[in-house]
Structure formats: C-alpha cells, structure tokens
Amino acid sequence: MESPRTLIGAGRAAAVAKEAESVARSAFHPVRVLLVVGTGFSRRPWRGRIVDALRPVRLRVAVQPAMPTPASVARLAGEARAHRADVVVAVGGGSVMDGAKAAAALAYEPADPTPESVAVACEEGAPAEGVPVVAVPTTPGTGAEATSFATVWDVDRGRKLSLRGDSVLPAVAILDPDLLLGLPGPQLTCGLLDTFAQALEGAWSTRADARAEALGAAAWARLSWLLDRPYRSLEAPAASEREAVLLAGHYAGRAIAVAGTTVCHALSYPLTLRYGLNHGQACGVTLGRVLRYNAAVEDGDCADARGAGRVRAAIAGVVAAAGADDAFTLARRIEAFLASADLPPVPDLRPDAARIAAEALGYDRAGNNPRRLSIKSLTHLLTTTAP
Ligand SMILES: [Fe+2]
C-alpha cells in the first residue's frame with residue numbers, strides 16, 4: 001500500500017489550497033472543496049490561517065461532530081455531492097479525518113448514501129474511486145492521515161465498523177506542528193497514548209514486516225523523552241516537541257497501515273462503547289499489560305508463523321528505541337505516564353472482564369496479536385493489576 005504525499009513542517013498548512021488543486025481530477029477553477037472540521041475548530045488559535053489559506057477555492061464547510069457514525073458519514077457524503085466537491089479537506093483529529101475519508105470514498109456512489117448503505121459499504125469494502133482527500137491532523141497520534149481505513153461507530157448496535165479500501169487513503173497529508181497549538185492537555189495525552197499503542201501494535205503484529213517494525217520503533221524513538229518527564233510539562237509543548245509528537249503519530253499510523261492493530265485496539269472498542277472512554281485512553285489502559293503478555297511469548301503459544309523469536313525481536317526493537325532496558329520496564333513507564341495523566345477515571349473492568357474479552361475477540365484485529373489469546377487468557381489479563 002502506498003503512503004500519501006506528505007508535507008511536514010511548521011507553516012505547511014498554508015499550502016492546503018495548492019495541494020487540493022494538485023489532486024483534483026477536474027480541470028475547472030476554482031477547485032470545489034468540502035472542508036470537514038470538528039466542533040472545536042472555531043476555538044483553535046490557527047483557525048483564521050486555515051480559512052485564509054483556503055480563499056482560492058470554492059469552499060463549503062461541514063462539521064463532523066464527535067465520533068463518525070453511519071448517519072454522519074452519509075450526511076457528509078451528501079454535502080460533498082451537493083457541493084460537487086473535487087476534493088475533501090479534513091482539518092481535525094481522528095474522528096474528523098475518518099468521517100471525511102469515509103464520506104469522500106462514498107461520494108461517487110450512484111445514489112445518495114444512507115446510513116444503511118454506509119454500514120453495508122463497511123461490510124463489503126469501499127468503492128474503487130472516491131473524492132480525493134487532503135488530511136490535515138490537528139491532534140497527534142491517530143495516524144488517520146496515513147491509513148486506508150476509517151472507523152465508523154454503529155452506536156445503536158454497540159459495534160465498531162471499518163470502511164476499508166484504497167479510495168479511503170488520503171492523497172495528501174499535511175503535518176503542521178503549529179496546528180497542535182491550543183490543543184487541550186487531555187486530548188494531547190490521549191493522542192500520545194494512541195501513538196504508543198499503534199507503534200507497538202504495528203511492530204509486533206503478525207502482519208508486520210521490516211518496514212512496520214522500523215516505523216513502530218521510529219515513532220517510539222521520537223517519544224522516549226516523554227516518559228522521563230512529568231505530565232504537567234506537556235501542557236504547552238515546545239515547537240520541537242510538537243513536531244516530534246506529530247511525526248511519531250504519523251509513523252505509528254503508517255506502521256498500522258501496513259500491519260494493522262492488535263488486541264489493545266480490539267479491547268479499546270468495547271471500552272469506548274461501554275464506558276465512553278476516549279479512543280487513546282481506551283488503548284492505553286491495557287497497553288502495559290498486553291506488552292508484558294506479548295513479551296513473554298513462547299513458540300508454544302505464538303500466533304506468528306515466523307516464531308516467537310521474531311516477535312521478541314520486534315518488541316526489543318521498540319524497547320531499545322524507547323530507551324528502556326526491557327519490555328517490563330517500558331510497560332511500567334507507560335502505566336506511570338497513564339496514572340499521572342489528567343484523564344477521567346477508568347471504571348473497574350473486573351466485573352465485565354469476560355464480556356469485554358469476548359467482544360474484543362470478535363474484532364478481526366485481535367487475530368493479529370502475536371501471542372495466542374482466548375476468552376480465559378484475556379479475562380485474566382483484564383483482571384490482573386500491574387506487578
Ligand atoms: Fe488508534
């Protein structure tokens with residue numbers, strides 16, 4: 001799978017109109033753009049810069065509130081069709097980018113998408129062609145700007161769906177660290193937790209290749225400093241820190257674009273659907289425990305055909321990049337980071353552990369985990385506290 005054309009650096013978001021023009025399939029000018037933003041867009045200090053940068057295009061603005069659902073994706077796709085959008089520009093976090101990506105992929109369908117047709121597309125795969133997307137992340141860690149899948153939440157049925165296909169991959173990703181300015185501390189923390197998880201999962205996945213392992217380690221190499229400093233110092237990250245976390249999130253996103261996620265993400269979906277936990281927090285809650293579990297893999301319980309040695313080497317590569325002595329030390333530091341973060345308390349998972357385990361194993365990405373899992377082993381993992 002290819003990666004999007006990627007622009008990196010402070011101020012690069014100023015090129016968003018030029019990039020939109022470069023990927024539009026129509027030769028008409030001005031290019032017609034549907035800009036998809038989140039509900040926090042109007043409060044971010046750089047909002048005016050994005051609006052100014054898009055002055056050369058014919059613009060329509062749509063809001064993706066909170067998590068994308070079949071209904072919100074159908075509505076956004078309808079907006080793209082009504083505007084006859086040549087390009088969809090997504091400026092926001094993972095939910096905004098996923099909603100925009102899914103809507104753009106479905107906007108060429110013969111009939112107006114409906115919530116039902118969006119759910120069916122999530123089962124059957126995205127159409128081959130959609131409206132090109134320029135993705136501009138404003139939170140670190142989701143990696144949505146680099147993946148060919150979009151998460152869609154069917155909240156009514158308590159199920160996480162995924163729209164997958166080449167047409168879901170953005171054509172361009174613009175990583176501008178200045179767009180992290182004004183991001184509330186808890187959102188930054190959740191983005192970092194998602195990055196931690198995606199970088200490890202992308203490296204140890206049974207589908208990981210050398211490139212995914214290297215990308216996972218590269219992400220952690222850029223974040224190792226975070227584990228050595230108190231959480232409060234992240235409230236106003238310096239320019240170099242903003243670039244590091246944005247790049248780390250992008251590398252982790254590219255790792256899972258190759259290798260998929262594994263059981264931390266599979267567990268996160270019931271945690272989000274049951275308790276409303278933010279995605280990054282929901283992934284981070286189990287990451288330390290899963291790291292210990294996977295680091296203890298043996299050939300007898302290894303799910304990777306290449307053997308337990310390959311899995312241990314992949315984990316060792318990330319551990320070294322993170323500057324930790326071993327996987328257990330890294331797990332402890334991740335848990336200390338999580339414990340010091342200013343996030344809502346996590347409910348006691350023990351009463352529901354068996355049900356959460358069963359639901360998690362129903363997601364296909366649980367099958368990417370390099371050490372075999374069962375309801376019993378996963379329930380045990382969820383009921384165990386850190387040593
Ligand atoms: Fe994630």
Side-chain angles (χ1 to χ4, degrees), residues 38 64 66-68 90 92-102 122 135 137-153 159-164 168-170 173 175 183 186-205 207-208 212 215-216 219-220 222-223 245-273 275-291 294 318 334 337-338 341 343 346 359-360 363-369:
Q64 165 62 60
M67 303 192 299
S95 292
V96 168
M97 286 189 282
D98 276 357
K101 285 161 59 180
C122 289
T138 63
T139 65
T142 73
E145 74 280 3
T147 63
S148 58
F149 43 81
T151 295
V152 179
W153 299 87
R159 186 85 188 146
K160 192 239 32 161
L161 307 174
S162 184
L163 183 68
R164 301 170 191 226
V168 186
L169 180 71
L175 305 179
L183 185 68
Q187 281 188 42
L188 176 61
T189 304
C190 287
L192 291 166
L193 290 166
D194 199 10
T195 302
F196 291 163
Q198 291 183 172
L200 267 166
E201 292 178 81
W204 70 36
S205 166
R207 290 167 47 201
L215 285 163
W220 268 99
R222 276 158 184 79
L223 295 181
V245 297
L246 203 53
L247 261 183
H250 181 66
Y251 289 149
R254 284 171 54 193
I256 62 161
V258 173
T261 53
T262 66
V263 74
C264 291
H265 271 68
L267 283 165
S268 80
Y269 304 132
L271 297 184
T272 293
L273 287 163
Y275 308 119
L277 289 186
N278 174 284
H279 173 68
Q281 185 181 14
C283 294
V285 162
T286 61
L287 182 59
R289 281 175 272 187
V290 174
L291 172 53
N294 283 343
V318 172
I334 292 169
F337 178 86
L338 187 62
L343 296 175
V346 177
E359 286 173 30
Y363 290 103
D364 58 0
R365 59 202 60 219
N368 296 335
N369 198 63

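Note that ligands are numbered from 1 as they come in the structure, with each ligand's atoms numbered from 1 the same way.
- Between the D98 side chain and the T151 main chain, a donor and an acceptor come within less than 3.5 Å of each other.
- For residue T142, no N/O/S atom approaches the Fe ion (ligand 1) to within less than 2.8 Å.
- Checking H265 against the Fe ion (ligand 1), an N/O/S atom falls under the 2.8 Å cut-off.
- The cationic group of R159 lies under 6.0 Å from the six-membered ring centre of Y363 and within 45° of the ring axis, placing it in a cation-pi geometry.
- Although no hydrogens or angles enter the test, the distance criterion places a donor-acceptor pair under 3.5 Å between the side chain of Q198 and the main chain of G141.
- Of all the N, O or S atoms in D194, the one closest to the Fe ion (ligand 1) is OD1.
- Side-chain atoms of K101 and T147 include a donor-acceptor pair closer than 3.5 Å.
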